[in-house]
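Notes for the one structure printed next.
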Amino acid sequence: MSDEKHTGAAAARQILEMNAFDARARTSNVNPLLERRLANAGAASVLFYREPIEIVSARGSWLTAADGQRYLDFYNNVQSVGHAHPRVVAAVSDQIARLNINTRYLNRVVDDYLEALKAKFPPALSNVVLTCSGSEANDLAVRIAEAASGGAGIIVTENAYHGNTAIISAISPSAMKRRDLANHVVAVPAPAAAEPGGSISDAFAASMTQAIEELERRGHTLAAFVCDSIFSSDGIYAGPPGFLQRAIAQVHAAGGLYIADEVQPGFARTGDAFWGFARHGVTPDIVTMGKPMGNGFPMAGLATRPDLLERFCEDTGYFNTFGGNPVAAAAGQAVLDVIETEQLQENARKQGAHIRDRIRDLAAQDERIVAVRGAGLFIGIELCRADLASNVINGLKTRGVLIGAAGRMGNTLKVRPPLTSTADEADLFADRVSETLRASA
Ligand code: PMP
């Protein structure tokens, strides 16, 4: 457990390195736009694929590249109700033409949205704070937990990614290239394996006990367990539903808060429930959310209990200039409406099960597929080696399908189709995976 990633695991991969373009390995096929990007964005430039793609437009599940090639976007966890969904486009265009101001003014569009969003949470989480990024939401969540507990101890999973602020980078082992985890942070293994005869729930609870004891040994009071409810960067561990319960009970018994990071699994993607935590039958103290919330309009936020927010605001208070403005609220409301009217949670459940069935059929004939995991349209396909995963991702790209990588070693294919995707698209994906695996050594 804990900081072993930085000592023992030479093969562990940092999240930004997965499926990333390596500028040092570029060929003599000079792409002028690529050179411009590298010159403009410098060392912080992060591009996908061995040969980055120039995208010019998108609609539904499909992206169109500058050379006319169309790509099935099964990596997409932001434009979750489909690229350029007409209802979101209309809501944003209409609102930005009418009014866009900060939340220091009253505005009905904003409160209508806050109420619609709150209706999706357990009733105790009756306050919502809107931000512009998932990182900001997690940053605020951790500060709320620090104020509530009087401590600074944080538990995360060992390949977690929660964002890019100073506080949150320090609790994101997967974001670190060279540093060790700070003294107040302890990482537990992803809920991947159980002892023979044991259960994932037991194994995860045992890791939690050790982590709480380790923080105590280091003299830290537990502030929070921050947990991505689908363990996306850890490699996608969805089941069995309910395995989080015992671990969360321990966090609460130790005086810590449970922060559910729903940036990846939230907004109906898992098919079983609107939120990832709900699949486990647990109630968080704080829920953070982002990515699909505005279908690409930059918005994020958290929901929490009023007592926790009051405690935090006694010392600090919170205001976010762009967070929760009426255009964001209009985008967010359109997303909620589309999920409901197009029954996208049900579609996620159905298409996700279909994709997993198809890939399990492939696995029965190809032992290089080690495991097929996930819930709804959040799917992990674990392959036997990271270099094979990289070959498959780039091979699928050549065949017009986009996915990504996850997991400690980067050997799990990360598949997140739009919630609107169809059975035909699911079959096309499975056919292309089959072809690509046959062509890959
Ligand atoms: N939490 C999780 C689980 C994430 O995957 C991410 C982004 N990849 C974040 C938080 C941070 O969100 P943002 O990039 O919007 O700051």
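As the structure lists them, so they are numbered: ligands from 1, and atoms in each ligand from 1.
- Which of A137, S135, P298 comes nearest to atom 16 (O) of ligand 1 through a heavy atom is settled by distance: it is S135.
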Could you walk me through whether Q250 and T209 pass the side chain to side chain donor-acceptor pair (under 3.5 Å) test, one step at a time? CA-CA 7 Å; Q250 283 177 300; T209 310; 2.5 Å; yes
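- Between W62 and E425, some side-chain heavy-atom pair lies under the 4.5 Å cut-off.
- At least one heavy atom of K291 sits less than 4.0 Å from an atom of ligand 1.
- A donor-acceptor contact closer than 3.5 angstrom links the side chains of D337 and Q333.
- Counting atoms of ligand 1 from 1 in the listed order, those under 4.0 Å from a heavy atom of N138 are 1 (N), 10 (C).
- Of the protein's non-hydrogen atoms, D261 OD2, 2.7 Å is the one closest to atom 1 (N) of ligand 1.
- Set against the non-hydrogen atoms of S133, the atoms of ligand 1 under 4.0 Å away are 15 (O), 16 (O).
- Counting heavy atoms from C-beta on, the side chains of F297 and V327 come closer than 4.5 Å.
- Each of the following atoms of ligand 1 lies closer than 4.0 Å to a heavy atom of V263: 1 (N), 2 (C), 4 (C), 6 (C), 9 (C), 10 (C).
- At least one N or O atom of Q264 sits closer than 3.5 Å to an N or O atom of ligand 1.
- Annotation for ligand 1: atoms under 4.0 Å from non-hydrogen atoms of D228 are 3 (C).
- Residue contact check: H162 has heavy atoms under 4.0 Å from atoms 1 (N), 9 (C), 10 (C), 11 (C) of ligand 1.
- No donor-acceptor pair closer than 3.5 Å links the side chain of N76 to the backbone N or O of P418.
- The one candidate from Q343, Q345, K350, Q351 that meets the side chain to side chain donor-acceptor pair (under 3.5 Å) condition with N347 is Q351.
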Run the side chain to side chain donor-acceptor pair (under 3.5 Å) check on H85 and N295 step by step: do they pass? CA-CA 8 Å; H85 193 290; N295 210 48; over 6 Å; no
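- Residues R36 and L33 have side chains in contact (heavy-atom distance under 4.5 Å, counting atoms from C-beta outward).
- Residue-to-ligand polar distances keep E136 apart from ligand 1: every N/O pair is separated by 3.5 Å or more.
- In terms of polar-atom proximity, defined here as any N/O pair under 3.5 Å, G134 does make such a contact with ligand 1.
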